[in-house]
Amino acid sequence: MTTTSHFHHLLKKCTNLKQLNQIHAHLTTTGLLHLDVRLLGRLLSSAATSDNLHYTSLLFSQLHHPNIFFYNTMIKAHSKTATSLNSISIYAQLLRAGILPDIYTFPLLLKACTQVPEAFPQGCSVHGQAIKFALDSYIYVNNALIHFYSINGHIKDARKLFDTSKDLDVVSWNSMLSAYARIGDMATAKKLFDEMPERNSISWSALISGYVQCGLSKEALGIFLRMQVELVKFSDITLVSVLSACAHLGAHEQGKWVHGYLKSNEIEVSVFLGTSLIDMYAKCGEVDLALDVFNGMKERNLLVWSTMIKGLAMHGRGNEALDLFFHMEKAGIVPDDIAFIGVLCACTHAGLIDQGRQIFDSMSSVYGIVPKVEHYGCMVDLLARNGMLNEARIIIETMPMQPDALIWGALMAGCRFYQNVELGEFVVKNLIQLEPENGGVYVLLSNIYAASGRLEDARKARELMETTGATKIAGCSSIEIRGKLHEFIVGDKSHPQIREILVKWEEIERFLSLEGYVCNKTEVLLDIDEEDKEHALAKHSEKLAIAFGLLSSSDGVAIRIVKNLRVCSDCHHVTKLISRIYNREIVVRDRTRFHHFKDGKCSCNDYW
DNA sequence: ATAGGGTTAG
């Protein structure tokens, strides 16, 4: 008797196939397996959790009269795999054997159906079966149904089940909450969160990840803070979302805090956490710390590698990114379409035209990946950035899909850099067709005309913008000081220290003019992503942020700024000068990449 | 001896 319970214990802990086989052999030779059927059940259950479907099926086939528990275990074993719909046929088998399904059967079947995106009809028929056996209102089944409908985007069906259910627990609320979060309805998600009779850490995580996915990273960090104040325990899953929020915001100190927390609690850096940490450090301007995390990781999947590659590319360290890519290939990891965006981006910033071409070709010839519009975009960027404007234009005209605004924008950046007004005008005309509501495009057109002396056309373009009601995204720069984010929007004077900031800016301007700086208002072309030149150039949001950064941080500390648009050339020039005058490193993340300003120079070599 | 909710890269 004690020996059987000993084996029960052993099996419960065992997930390793080899050990399972050993125990199995032992039980068979000693005849224990036949004495105690429950041991066989335990064995089957452990086999199912060890994810070895073949072995599990073998065990199952040895059972003469499997009961509902054995069938459920088999359904569970299948539900986790790519062929999860096999569990439906096990269900059919069960019915044929004259066995009644129970409340555990349906959640398992529904899980199998959510595994396969196109299995919505099968899931519906499982629902029908649950109704037929009058098990649909059991809380486990009901919760699984809510989850199933919400995953498939049928949120109304999920809500109906939720509203009519007599029996709701935290799990039901969490399912509904994450359903709204998933479709981006954060107002309803927050409402549910507030109304919940009981919350657990999963409720908090669901809310946080919802905010992050909607781009409301500040709210996400706010909720995380509240979570800590209310002493709710958080898991590494929560932290993955939190790190993602830090990455979006460039919340360097808060991100570092999370890393410190992981270290001091000796939490192992999983692939998920590692990816988030690498991305966070890269997007906060600390590529070298990202590299440290990368090098310290035991296990690396494609996402880990491509996040690191993209991180290096963002910082203009194209050669290292490329090395890493070849390393990855050697490690036997097969790149996907997203990984290629990272490497192509790296080629662009390192000016590696031939390498870029080769890699682009290898995409389809070696890996069988059909290039998407983003990949053509990288090629246009690569060529345009290196002066081959015509070739870039030919790519746009011959690629197999419709060009989007981003791809024209890449060509535009080249036109601006190489002062090609004629091609620029052509590009802008295409952009207006594509995005008539984007005010930036009209500003751009107007500037092009102004630059070529066609002042009347320039005025008309401005008027057109006003009559069509197109609006331009306001420039916004943020800076984190002692863990708090400060935002500066162009023309906005609501910051409590705005007076001091403006005084500081005056000081900066005095130093600038001593350096012989004159405000560059004659820039020929204005990039679509740049802030509107009509607003006083001196008030561009990053200038305020830099002034504030100089005011609020001590010497030797790098100033880190995140900007929502591209840096304009005047701000770029000014920032270079400031970095020398004040002997300060300034790191600016703009829409597309990083600029590390140091000693009057920028890491982008003045091309962005 | 069995079930359900939160997870990262463009």
Side-chain angles (χ1 to χ4, degrees), chain A residues 8 11-12 36-46 48-49 67-77 79 102-111 114 135 138-148 150-151 169-179 181-182 189 196 199-210 212-213 234-245 247 270-280 282-283 301-311 313-314 335-345 372-375 377-378 406 592:
Chain A
H8 265 291
L11 284 170
K12 208 165 181 174
D36 189 351
V37 223
R38 288 174 61 179
L39 266 180
L40 190 57
R42 187 63 258 183
L43 194 62
L44 186 72
S45 178
S46 296
T49 42
N67 61 21
I68 185 62
F69 161 68
F70 293 111
Y71 277 106
N72 284 346
T73 311
M74 272 321 281
I75 291 172
K76 183 183 175 181
S79 71
D102 66 5
I103 52 165
Y104 303 118
T105 315
F106 294 108
L108 287 168
L109 287 170
L110 288 165
K111 188 183 177 185
T114 49
L135 293 170
Y138 272 84
I139 189 157
Y140 299 157
V141 182
N142 191 48
N143 284 345
L145 284 167
I146 293 174
H147 185 233
F148 166 74
S150 72
I151 286 281
D169 64 2
V170 213
V171 179
S172 336
W173 282 87
N174 283 347
S175 288
M176 210 58 237
L177 164 59
S178 54
R182 207 174 295 117
M196 284 172 86
R199 282 187 280 267
N200 60 17
S201 74
I202 291 178
S203 329
W204 291 81
S205 282
L207 190 67
I208 291 175
S209 84
V212 175
Q213 250 129 54
F234 47 82
S235 66
D236 52 348
I237 293 178
T238 322
L239 294 179
V240 168
S241 291
V242 170
L243 284 169
S244 170
S270 64
V271 231
F272 276 109
L273 271 174
T275 307
S276 315
L277 278 171
I278 292 170
D279 192 44
M280 180 277 292
K283 291 198 173 133
N301 65 8
L302 174 62
L303 269 78
V304 176
W305 284 91
S306 45
T307 306
M308 193 64 246
I309 292 169
K310 187 85 216 294
M314 247 192 329
D336 67 354
D337 55 335
I338 293 151
F340 273 105
I341 291 174
V343 223
L344 290 173
C345 213
K372 292 185 186 165
V373 67
E374 295 97 315
H375 300 101
C378 290
L406 280 171
T592 50

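Throughout, protein chains are lettered first and strands after them, A, B, ... in sequence-line order, and every chain is numbered starting at 1. Small disclaimer: the values here were computed from a predicted structure and weren't measured.
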On a plain distance test, is the side chain of [X] in donor-acceptor contact with the base of [N] below 3.5 Å?
X        : N     : value
A/Asn174 : B/dG4 : no
A/Ser241 : B/dG6 : no
A/Asn142 : B/dG4 : no

Task: Distance, rounded to the nearest Å, where A/Phe148 contributes CZ and B/dG5 contributes P - done: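 Rounded to the whole Å, the gap is 13 Å.
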Task: Distance in angstrom units between A/His147 NE2 and B/dG5 P, rounded - done: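 Distance check: A/His147 NE2 to B/dG5 P gives 5 Å.
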Answer with base, sugar-phosphate or nothing: what part of the nucleic acid does [X] contact at a heavy-atom distance below 4.0 Å?
X        : result
A/Arg182 : sugar-phosphate
A/Asp279 : sugar-phosphate
A/Thr73  : nothing
A/Asp336 : base
A/Val171 : base
A/Asp236 : nothing

Would you indicate which nucleotide in [options] comes nearest to any side-chain atom of [X]?
X        : options              : value
A/Asn67  : B/dG4, B/dG5, B/dA1  : B/dA1
A/Ser201 : B/dG6, B/dT2, B/dA9  : B/dG6
A/Thr238 : B/dG10, B/dG6, B/dT7 : B/dG6
A/Ile202 : B/dG5, B/dA9, B/dG4  : B/dG5
A/Pro107 : B/dG10, B/dG4, B/dG5 : B/dG4
A/Phe69  : B/dT8, B/dA1, B/dA9  : B/dA1

TODO: Check whether any side-chain heavy atom of A/Asn142 sits under 4.5 Å from a side-chain heavy atom of A/Tyr138, and report yes or no.
DONE: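 A/Asn142 does not reach A/Tyr138 side chain to side chain.
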Open item on the list: Any heavy-atom pair between the side chains of A/Ser79 and A/Leu109 that's under 4.5 Å?
Closed with: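 No, too far: nothing below the 4.5 Å cut-off.
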Open item on the list: Between A/Asn143 and A/Ser175, does the side chain to side chain donor-acceptor pair (under 3.5 Å) criterion hold? Intermediate values first, please.
Closed with: CA-CA 7 Å; A/Asn143 284 345; A/Ser175 288; 5.7 Å; no
- [ ] Return yes if a side-chain donor-acceptor contact under 3.5 Å exists between A/Ser205 and A/Thr238, otherwise no.
- [x]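 Short answer, yes.
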Task: By salt bridge (Lys or Arg N to Asp or Glu O under 4.0 Å) - contacts of A/Lys283 (at least two apart) - done: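 Once residues adjacent in sequence are excluded, the partners of A/Lys283 under the salt bridge (Lys or Arg N to Asp or Glu O under 4.0 Å) criterion are A/Asp279.
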